[in-house]
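What follows is a short report on a single structure.
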There are 4 protein chains.
Amino acid sequence: MKADLIKQSTDLFVEKGFSATSIQDIVDTLGVTKGSFYYHFKSKEALLMDIHLRYIDDLLKRQKAILDTEQTHRGKLVKVVELLIHDIETQGALGRVYYREIRHLTPENAALIKAKRGEFRENIEKIMEAGIKAGEFRENLQPKMITFAILGVTNWSYQWFNPEGVLSVADLADMYTDFILNGIVASEK
Amino acid sequence: MKADLIKQSTDLFVEKGFSATSIQDIVDTLGVTKGSFYYHFKSKEALLMDIHLRYIDDLLKRQKAILDTEQTHRGKLVKVVELLIHDIETQGALGRVYYREIRHLTPENAALIKAKRGEFRENIEKIMEAGIKAGEFRENLQPKMITFAILGVTNWSYQWFNPEGVLSVADLADMYTDFILNGIVASEK
Amino acid sequence: MKADLIKQSTDLFVEKGFSATSIQDIVDTLGVTKGSFYYHFKSKEALLMDIHLRYIDDLLKRQKAILDTEQTHRGKLVKVVELLIHDIETQGALGRVYYREIRHLTPENAALIKAKRGEFRENIEKIMEAGIKAGEFRENLQPKMITFAILGVTNWSYQWFNPEGVLSVADLADMYTDFILNGIVASEK
Amino acid sequence: MKADLIKQSTDLFVEKGFSATSIQDIVDTLGVTKGSFYYHFKSKEALLMDIHLRYIDDLLKRQKAILDTEQTHRGKLVKVVELLIHDIETQGALGRVYYREIRHLTPENAALIKAKRGEFRENIEKIMEAGIKAGEFRENLQPKMITFAILGVTNWSYQWFNPEGVLSVADLADMYTDFILNGIVASEK
DNA sequence: TATGAATGAGGTTTCATTCAT
DNA sequence: GATGAATGAAACCTCATTCAT
């Protein structure tokens with residue numbers, strides 16, 4: 001039941017946004033009552049926090065697995081990009097909630113989530129730094145800014161990509177790792 | 001007065017989101033009354049539409065100027081990227097409202113804005129297509145997807161970039177055009 | 001367990017009032033669940049009635065003991081006043097619940113409690129009447145109104161008196177019996 | 001309208017208590033809507049605070065007038081007692097709300113009201129002190145405790161006295177000033 | 001142009017109570 | 001005896017909107 005509530009509310013938050021989704025909307029889709037909702041969640045914000053925590057903790061765990069497994073910096077980066085893009089398929093557009101609605105968490109909760117987001121981002125920065133040092137990546141890159149650029153490429157996909165369209169998630173991941181690694185300019189031979 | 005209302009409400013929408021910002025919030029920061037708001041705007045949604053229209057029309061106008069002026073495909077692309085990033089400074093984080101709150105427009109209005117967004121995006125796609133054909137850009141790129149990637153890089157900046165920080169908007173624009181054009185992999189010499 | 005529920009709920013009713021205290025509040029302080037509460041009490045009102053009944057029945061029993069024991073009218077009155085004031089120490093501020101929350105009983109239950117209250121008060125009135133007749137008390141007193149005045153002196157103590165302060169319950173009882181008997185005017189010698 | 005809301009809600013608070021009176025109850029008796037209530041009052045608690053403030057400020061003002069006018073300590077005391085008892089007639093049983101519902105104010109507001117209550121009480125204490133010093137009142141009285149006893153006599157009247165009964169407010173005031181001044185014991189001649 | 005008062009729908013939350021286990 | 005989940009009514013409050021002035 002709690003799981004159902006999380007599932008339904010996430011879908012509704014994706015579709016209509018957190019503020020525009022009422023508790024009534026959520027419980028109506030499940031045919032239960034508001035009282036039931038408040039038995040499982042202290043507040044609407046608590047539900048949002050729950051969603052955020054599950055998402056980022058899961059992301060961090062899988063990121064860690066990649067860092068521990070992959071050998072090259074390039075391999076690590078590619079796998080992390082794939083991780084983010086594949087999530088569009090497995091998690092629905094949950095990422096949209098994750099980035100859009102953090103403002104509706106209490107300051108304390110928002111701070112916690114932001115710290116975990118920062119951790120995820122810093123892990124990518126570290127890949128960049130190490131890759132530059134090792135000569136795998138270009139020298140004149142600023143790791144922090146390039147990390148934001150890479151996250152932009154992946155996260156923006158949540159806004160528009162339809163995994164059931166003509167292009168598969170795997171195709172998109174390939175295309176984007178290629179773009180990130182090589183840019184768009186034709187090499188002069 | 002109308003301009004003040006637009007300015008204040010945009011700031012509040014950036015900060016708290018459209019749904020979470022009440023008309024009362026808006027008029028309170030200006031020291032006027034709600035009646036006054038409704039003299040200038042038919043509804044809250046009309047204000048949001050106004051904001052969207054001003055933003056996208058301005059963007060399209062400036063994009064058109066670039067397309068008419070720049071000669072190379074590469075030059076056109078670089079200038080459009082710069083246009084988007086420089087907006088963070090001149091327009092504040094208005095872009096955040098623009099992408100986040102379209103959901104709260106009426107279906108008709110949302111369709112109009114989406115059409116204009118599409119136009120803006122297609123103009124970039126056309127640059128890509130032409131650039132590929134001309135050999136300026138790599139052959140095996142999919143213009144549509146690469147356009148989304150580029151928009152991801154620029155638009156994501158609205159989420160985190162502080163133009164008053166140590167890195168200037170111009171620096172960021174340079175760095176990102178370089179990233180888009182060349183990727184991150186060190187060339188093997 | 002039932003005793004614990006009564007004890008905790010009385011404390012909470014004293015502190016926050018009957019309406020403002022939820023069943024959840026009560027069971028939380030005991031670490032049990034609501035189902036458990038409803039095993040012991042038919043309803044929240046039944047608990048309140050239980051508290052009222054225990055209190056007034058106990059008071060009546062002890063008042064009766066005094067009436068049977070003391071010889072003089074003055075002695076009876078003094079002992080009843082002492083009874084009421086000493087209760088602040090032994091019963092906590094239960095008296096506050098007793099007077100404040102009768103409104104939340106069902107009409108039938110409220111009537112029963114009011115009848116018992118009336119009995120307690122009439123017993124004091126009878127002391128007054130007999131004392132006046134016997135010449136122990138002043139002639140021109142109206143027993144009913146003076147009884148209310150005396151109850152005012154004692155019951156009001158529940159509002160402010162702290163038995164752990166510098167003045168003991170016994171001191172207060174002495175002082176108030178003296179006040180009731182002699183008033184405040186200095187006798188002209 | 002605001003005045004109407006205060007009037008109706010005070011009556012309902014007297015009758016059913018603050019917690020048990022809903023905003024709906026209040027507005028229904030006036031045939032207006034909840035929105036209207038919240039236009040005039042920020043919250044239910046703000047209304048309660050309004051009622052408390054009006055009551056105690058008025059009481060303090062009238063007490064001050066008495067202190068400035070009356071010459072003897074005895075006269076001052078008698079007039080203050082009359083002031084309190086006459087209020088039952090002019091203010092309805094508002095005093096019941098005043099003493100019973102303070103717990104529903106926010107801590108800050110409750111502190112303010114308690115401070116003003118304290119001021120009122122201290123003014124009576126000062127009469128007692130001065131009266132004792134001047135030999136008008138008995139030497140062995142503790143001003144603070146006697147003040148509470150006097151307030152008990154008067155305030156308790158709010159609980160039971162019906163000004164439309166056989167005994168008038170003036171009669172009660174006479175009777176109680178006599179009781180306070182002379183006690184109940186028959187003087188031995 | 002602007003205000004102040006009012007509306008009514010709907011928002012989040014609380015709560016006494018029930019009941020299968 | 002006790003629990004945990006659920007209910008449904010009702011609580012407080014917010015808000016976009018209207019309108020006479």
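Here is how names work: the chains are called A, B, and so on, in the same order as the sequence lines, proteins then strands, and each is numbered from 1.
Base pairing annotation: E/dA20 forms a Watson-Crick or G-U wobble pair with F/dT3, both donor-acceptor distances under 3.5 Å.
Nearest-nucleotide positions on DNA chain F place C/His40 closer to the 5' end than the other of A/His40 and C/His40.
Regarding D/Lys2, its NZ atom lies at a distance of 16 Å from the C1' atom of E/dA6, rounded to whole Å. Regarding A/Phe41, its CZ atom lies at a distance of 15 Å from the C1' atom of F/dA6, rounded to whole Å. Following rounding to the nearest Å, A/Leu30 (CG) and F/dT7 (C1') show an atom-to-atom distance of 15 Å. Between D/Leu48 atom CG and F/dC12 atom P there is a gap of 12 Å when expressed in whole angstrom units. Remark: P of F/dT14 and CD1 of B/Ile26 are 17 Å apart, rounded to the nearest angstrom.
For the pair C/Lys44 (side chain) and C/Phe18 (backbone), a donor-acceptor distance under 3.5 Å is present. Checked by atom type and distance alone, the side chain of C/Arg100 pairs as donor or acceptor with a backbone atom of C/Val14 at under 3.5 Å.
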Note to self: Base contacts versus sugar-phosphate-only contacts with protein, heavy atoms under 4.0 Å: please encode nucleotides 13-21 of chain E as B, S and - from 5' to 3'.
What the structure shows: BBSBBB---
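Taken to the nearest 0.5 Å, the CD1 atom of A/Ile26 stands 5.5 Å off from the CG atom of A/Leu47.
An OP1 or OP2 oxygen of E/dA2 is reached within less than 4.0 angstrom by no side-chain nitrogen or oxygen of B/Tyr39.
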